[in-house]
Amino acid sequence: MDVKTVGIVGAGQMGNGIAHVFALAGYEVRLNDISADALGRALDTIGHNLDRQVSREKITETEKRDALGRIAITTALTDLGACDLIIEAATEREAVKTAIFEELQPHLTPTTILTSNTSSISITRLASRTDRPEKFMGFHFMNPVPVMQLVELIRGIATDEATYRSLLKVVETLGKTAASAEDFPAFIVNRILMPMINEAVYTLYEGVGSVRSIDESMRLGANHPMGPLELADFIGLDTCLAIMNVLHEGLADTKYRPCPLLTKYVEAGWLGRKTHRGFYDYRGETPVPTR
């Protein structure tokens, strides 16, 4: 089907980034969140990021204005029902995601495609909680969405070819690149990335290196643009822990056991940049390692 209107559930870091790229690509966007304040912050963030693109001459002032004009915000989930495509970008908790799909279901058109931006949860299992598993897919954008080029497309066991082809076409119109992944825990990117981050936390936990020495070693010794602990703070330590738990439970292999130190940081509410403290303390002018 031809996708023209896109509904996005969740106005956080991922949701506002997804809204940004779709609006800029010419789609009519309806951005939903249970919090009106979150929606206001999302529009501010999108405006700021579009301004940055204008200043770098990647887009024009007119393109920015038109993109903002294509975004409508709402706290009513039912307002998304008439959209051609819906992308769930809520918190990485399966119970939350299934509740969203169950609430949406009575308001959808027969042709609406449902997707989840989940970074690890079973697409087949999420799809089974809807009335349209054949029109359900994983649609995993990378953070920050306006910058990162990859989108993982994950088919559930019942996803039909027409749905896959529709989303492949959508990715092309966004100017991004699609990678097809099988429906296994954490898919491709996080199946590889999260165990590396978890091992970096173990390296810190066992005293092999400090926060700074671990990150510098991977930046300078492996040519990574960002150290693994700095990257974990950027992603959110709660998200990293959730993905490691999915890997550990889904694959039943001890090599995916979350590091106890990662669990401790999350229990303390030190979740990284979004709480201003994680493996680094961001409350001052310059981030300072916390260990």
Side-chain angles (χ1 to χ4, degrees), residues 1-91 100 103-104 107-109 111-119 139-153 166-178 234-236 239 273-274:
M1 65 174 293
D2 223 11
V3 174
K4 294 181 177 150
T5 56
V6 180
I8 299 163
V9 184
Q13 191 174 41
M14 295 303 297
N16 74 60
I18 294 168
H20 174 142
V21 298
F22 271 94
L24 198 55
Y27 293 90
E28 295 297 322
V29 174
R30 295 177 193 171
L31 180 60
N32 163 266
D33 200 282
I34 57 174
S35 165
D37 288 343
L39 288 167
R41 289 192 299 272
L43 285 181
D44 288 343
T45 299
I46 293 168
H48 173 74
N49 288 337
L50 287 168
D51 282 337
R52 185 181 302 167
Q53 288 179 299
V54 171
S55 69
R56 294 176 179 174
E57 299 184 346
K58 293 183 179 295
I59 64 172
T60 65
E61 190 68 39
T62 300
E63 288 173 320
K64 170 203 160 184
R65 185 184 65 246
D66 290 347
L68 287 172
R70 295 187 191 102
I71 301 173
I73 59 174
T74 177
T75 56
L77 192 59
T78 54
D79 288 344
L80 273 56
C83 292
D84 300 322
L85 167 65
I86 294 177
I87 305 167
E88 171 275 312
T91 187
I100 288 167
E103 186 178 343
L104 272 170
H107 308 283
L108 302 175
T109 72
T111 57
T112 298
I113 296 173
L114 287 178
T115 68
S116 176
N117 186 57
T118 179
S119 52
F139 205 24
H140 183 212
F141 289 80
M142 306 295 138
N143 185 36
V145 182
V147 175
M148 302 298 279
Q149 289 300 302
L150 185 72
V151 182
E152 283 183 318
L153 296 182
S166 291
L167 291 189
L168 193 61
K169 181 179 175 183
V170 167
V171 173
E172 290 172 358
T173 66
L174 298 177
K176 296 189 181 294
T177 301
F234 180 75
I235 294 168
T239 300
R273 285 183 175 272
K274 60 187 172 185

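Predicted model only: the values in this text are computed from it and were never measured.
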Legend entry - Non-neighbouring partners of Glu61 that pass side-chain contact (heavy atoms from CB on, under 4.5 Å), sequence neighbours left out: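 If we apply the side-chain contact (heavy atoms from CB on, under 4.5 Å) test to Glu61, skipping adjacent residues, the hits are Val54, Lys64.
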Inset, instruction - Could you tell me which residues satisfy side-chain contact (heavy atoms from CB on, under 4.5 Å) with Leu43, sequence neighbours excluded, listed by chain and number? - result: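 Result, side-chain contact (heavy atoms from CB on, under 4.5 Å) vs Leu43: Ile71, Ile73.
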Which atom pairs, donor and acceptor, lie under 3.5 Å between side-chain atoms of residues 22-34 and protein residues at least two apart or in another chain?
from	atom 1	to	atom 2	distance (Å)
Tyr27	OH	Thr173	OG1	2.5
Arg30	NH1	Asp79	O	2.9
Asn32	ND2	Thr74	O	3.2
Asp33	OD1	Ser35	N	2.9
Asp33	OD2	Ala11	N	2.8

Inset, instruction - For the pair Asn117 (side chain) and Ile87 (backbone), establish whether a donor and an acceptor sit closer than 3.5 Å, ignoring hydrogens and angles. - result: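 Such a contact is absent between Asn117 side chain and Ile87 backbone.
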Legend entry - Between CG on residue Leu108 and CG on residue Leu114, distance to nearest 0.5 Å: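 The distance works out to 5.0 Å.
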Inset, instruction - Rounded to the nearest 0.5 Å, what's the gap from CD on Glu103 to OG1 on Thr78? Could you check? - result: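 Glu103 CD to Thr78 OG1: 7.5 Å, rounded to 0.5 Å.
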Looking at [X] and [Y], what are the two nearest heavy atoms and their distance?
X: Pro146; Y: Val21; result: CA-CG1, 3.6 Å
X: Ala19; Y: Ile46; result: CB-CD1, 4.1 Å
X: Leu153; Y: Ala178; result: CD1-CB, 3.8 Å
X: Leu50; Y: Ala67; result: CD1-CB, 4.3 Å
X: Ile100; Y: Ala90; result: CD1-CB, 3.6 Å
X: Met142; Y: Leu150; result: CG-O, 3.4 Å

Would you say that [X] contacts [Y] through its side chain, given a criterion of any heavy-atom pair below 4.5 Å between the two side chains?
X: Val151; Y: Leu174; answer: no
X: Val6; Y: Ile18; answer: no
X: Leu167; Y: Leu85; answer: yes

Partner residues of [X] under the side-chain hydrogen bond (donor to acceptor under 3.5 Å, both in side chains) criterion, sequence neighbours left out:
X: Thr118; answer: Glu92
X: Thr115; answer: none
X: Ser166; answer: none
X: Lys176; answer: none

Inset, instruction - Check step by step if side-chain contact (heavy atoms from CB on, under 4.5 Å) holds for Asp84 and Asp2. - result: CA-CA 8 Å; Asp84 300 322; Asp2 223 11; over 6 Å; no
Inset, instruction - Tell me, please, which residues at least two apart from Lys4 pass salt bridge (Lys or Arg N to Asp or Glu O under 4.0 Å). - result: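 Result, salt bridge (Lys or Arg N to Asp or Glu O under 4.0 Å) vs Lys4: none returned.
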Legend entry - Where at least one partner belongs to residues 36-48, residue pairs that pass side chain to side chain donor-acceptor pair (under 3.5 Å), sequence neighbours excluded: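 Only His48-Arg52 qualify under side chain to side chain donor-acceptor pair (under 3.5 Å).
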Legend entry - Contact list for residues 11-23, test side chain to side chain donor-acceptor pair (under 3.5 Å), sequence neighbours left out: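 Qualifying pairs: Gln13-Asn143, His20-Gln53.
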Legend entry - Intermediate values then yes/no, side chain to side chain donor-acceptor pair (under 3.5 Å), Ser116 and Glu88: CA-CA 5 Å; Ser116 176; Glu88 171 275 312; 2.5 Å; yes
Legend entry - Over 12 foreign heavy atoms within 6.0 Å of CD, Gln149: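 Atom CD in Gln149 is crowded, with more than 12 foreign heavy atoms closer than 6.0 Å.
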Inset, instruction - If a pair satisfies salt bridge (Lys or Arg N to Asp or Glu O under 4.0 Å) and one of its residues is in residues 139-150, list it, with sequence neighbours excluded. - result: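 Passing the test, one end in residues 139-150: no pairs.
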